[in-house]
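One-based numbering, in listed order, for ligands and for the atoms of each. Note: hydrogens, waters and symmetry copies are ignored here, and every other heavy atom, side chains too, is used.
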Amino acid sequence: MIQTWIAERDPKHLLEVGMAYGISSLFICDAIQDWNGVVYDIVDPYQQRDWSGCGIHHLRQAGFQDRFTFHEQPSEICLPQLLAQGRQLDFALIDGYHTFDHALLDFFYINRMLKVGGIVLFDDIPMPSIQKLLAYIANYPGYKPLPLPTVYENHRTIRIRRMMKSPVLRVGGFIKTAVDNRAWDWYCEF
Ligand SMILES: C[S@@+](CC[C@H](N)C(=O)[O-])C[C@H]1O[C@@H](n2cnc3c(N)ncnc32)[C@H](O)[C@@H]1O
């Protein structure tokens, strides 16, 4: 699914928060492997401490060692630094620390760097904290929910999940449709 969204949009600057085993990173590297001039930043403070470096090991084994820049830092430290460096993004995947406030903080900085037309994805969207966050962002005037890629519309799993009224996907997000110019006192009940 992530690869389809990437292929549809052709992003040049990608960012992922939360690497762990590097499963999503492998799919992202695979999607961008033949593209020149693509920058892909991955942020995870605990890649060595908690994951024994296996995410990076997997990417190297797959031959993607030159496809990404790894930041062994908490996202709350790294993202403001990238923003201060003037980084702009076309694609971001938020899959780090899943509390409401932490994922919101990740989104706050990503929103500041995301170009109009860019997409932001969240993993584990059935989690209450992420559900609440998506409900909040859905009210932003400059964001629209990212539609399911058309090729998946009639996919058997998707149809069954719809029938069962279960969440259709574990990953989902938004496309940025306009510059975020909400006034200082903007608020929308969510
Ligand atoms: C659900 S896992 C990510 C799974 C990964 N995307 C994959 O497909 O294998 C969550 C990750 O967030 C990382 N994490 C925890 N706190 C973080 C923080 N403050 N900033 C960035 N990443 C964090 C954890 O170390 C863990 O690797």
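- Taking each of Cys78, Gly18, Ala20, Ser75 in turn, the one with a heavy atom nearest to atom 20 (N) of ligand 1 proves to be Ser75.
- A distance of 5.5 Å separates CG of Leu14 from CD1 of Ile6, quoted to the nearest 0.5 Å.
- The closest donor-acceptor contact from the side chain of Glu72 to the backbone of Gln48 lies under 3.5 Å.
- Considering backbone and side-chain N/O atoms, Ile23 comes within less than 3.5 Å of an N/O atom of ligand 1.
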Could you walk me through whether Gln33 and Asp30 pass side-chain hydrogen bond (donor to acceptor under 3.5 Å, both in side chains), step by step?
CA-CA 5 Å; Gln33 65 175 314; Asp30 183 55; 2.8 Å; yes

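- A distance-only check finds a donor-acceptor pair linking the side chain of Arg159 to the backbone of Asn154 [under 3.5 Å].
- Atoms of ligand 1 lying under 4.0 Å from at least one heavy atom of Glu16, given by number and element, are 6 (N).
- For Val17, every heavy-atom contact with ligand 1 shorter than 4.0 Å involves the side chain, none the backbone.
- Atoms of ligand 1 lying under 4.0 Å from at least one heavy atom of Ser24, given by number and element, are 5 (C), 6 (N), 7 (C), 8 (O).
- Under 3.5 Å, the side chains of Tyr143 and Asn111 contain a donor-acceptor pair of N or O atoms.
- Each of the atoms 9 (O) of ligand 1 lies under 4.0 Å from some heavy atom of Gly22.
- Of the possible donor and acceptor atoms, one in the side chain of Gln3 sits under 3.5 Å from a partner among the backbone N and O of Phe27.
- If you check each of Gly55, Cys54, Pro45, Pro74 against atom 17 (C) of ligand 1, the one with the closest non-hydrogen atom is Pro45.
- Considering backbone and side-chain N/O atoms, Trp51 comes within less than 3.5 Å of an N/O atom of ligand 1.
- Only side-chain heavy atoms of Glu76 come within less than 4.0 Å of ligand 1; its backbone N, CA, C and O stay farther off.
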